[in-house]
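Read the numbers this way: they start at 1 and go in the same order the structure lists the ligands and their atoms. The figures here come from the full heavy-atom set of this structure, side chains too, leaving out hydrogens, waters and symmetry mates.
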Amino acid sequence: APLEEVDLPLFFGWFLLSSVQEKVRCTSMDFLKTLDTLEAFKKHLVDFTGKAENEVDLEQYFKPTGALHCTTKFCNYGKAEGAKEYAENPAVRALYGSAFELSLTALFVTPRTVGARVSLTDEQLKLWPADAEQSSAASLPPGSRAHITLGCAEGVEPVQTGVDLLEILALQQDGQQGEPAEEMELGSLTYYGEGRWLLNLREPIGAPACFSSFYG
Ligand code: ACK
């Protein structure tokens, strides 16, 4: 392929430093381990198993998806719409390679994905593409989709994690409070139906990360 078609990365994003990757993975594993023992979760187990099986091992159910990161722009090597414009954005150029601290404010689980919600600062939002929330029918504020994929069910692609998060946020915006399910050590857990669970973290996790890109 001509060079101009391959000089853009697969995606831009914030890549968590390896020390904090471990911490986030451990927190997520603890959460999954506890979640699948809760009566509230067992009551809705059919969302995950499709039939009335009485157990699911969530730690096995979700497969890890590589280095933890928060995607800003999926470029698909230049084939994605707006990829070139994003790469040429002055903020993207100026901040490329810089260190940031991401704030992880919630964990969420669906039958397809497990992820962490990232709450972006105004400075971080300068790196956020305008079209990221486009796939949602709801009109959610920029940055709503920001997340870290922690795992995917068999056969599910990581792109699904952002879709799942937007779905939960659209329900909230629609006035659906969800069903308060449990006060956990990590925070309060809410059920949004159809296997969608959100844990608002009592203490956000601060995650040092480098803004960069991934070529694969
Ligand atoms: O977990 P993620 O945010 O979801 O990180 C991966 C990364 O790009 C490499 O695949 C994300 N991704 C894939 N396709 C898309 C897409 N169409 N829109 C937004 N993000 C995407 C995926």
Applying salt bridge (charged side-chain N to carboxylate O under 4.0 Å, His left out), name anything that partners Asp36, two or more places apart in sequence or on another chain.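 Partners of Asp36 by the salt bridge (charged side-chain N to carboxylate O under 4.0 Å, His left out) criterion come out as none, since no residue qualifies.
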For [atom], the protein heavy atom that lies nearest, with its residue and separation:
atom                    : value
atom 1 (O) of ligand 1  : Thr149 OG1, 2.4 Å
atom 17 (N) of ligand 1 : Phe74 CD2, 3.7 Å
atom 2 (P) of ligand 1  : Thr71 OG1, 3.5 Å
atom 6 (C) of ligand 1  : His69 NE2, 3.8 Å

Side-chain (His44) to main-chain (Lys42) donor-acceptor, under 3.5 angstrom: no
Could you tell me whether Glu157 approaches ligand 1 through its side chain, its backbone, both or neither, with non-hydrogen atoms closer than 4.0 Å? neither
Member of Leu169, Leu199, Leu198, Asn200 meeting the side chain to side chain contact (heavy atoms under 4.5 Å, CB included) criterion with Arg117: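 Considering Leu169, Leu199, Leu198, Asn200, a side chain to side chain contact (heavy atoms under 4.5 Å, CB included) with Arg117 is found only for Leu169.
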Atoms of ligand 1 less than 4.0 Å from Phe11 heavy atoms? 7 (C), 9 (C)
Give the numbers and elements of all ligand 1 atoms closer than 4.0 Å to a heavy atom of His147.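 Result: 1 (O), 2 (P), 3 (O).
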Looking at Phe48 versus Phe41, is the centre-to-centre ring distance below 6.0 Å?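 Yes, they do, as the ring centres are separated by less than 6.0 Å.
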Check whether the ring centres of Phe214 and Phe11 lie less than 6.0 Å apart, and answer yes or no. yes
Should the pair Tyr191 and Trp197 be assigned to parallel (<30°), tilted (30 to 60°) or perpendicular (>60°) ring geometry?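 Tilted.
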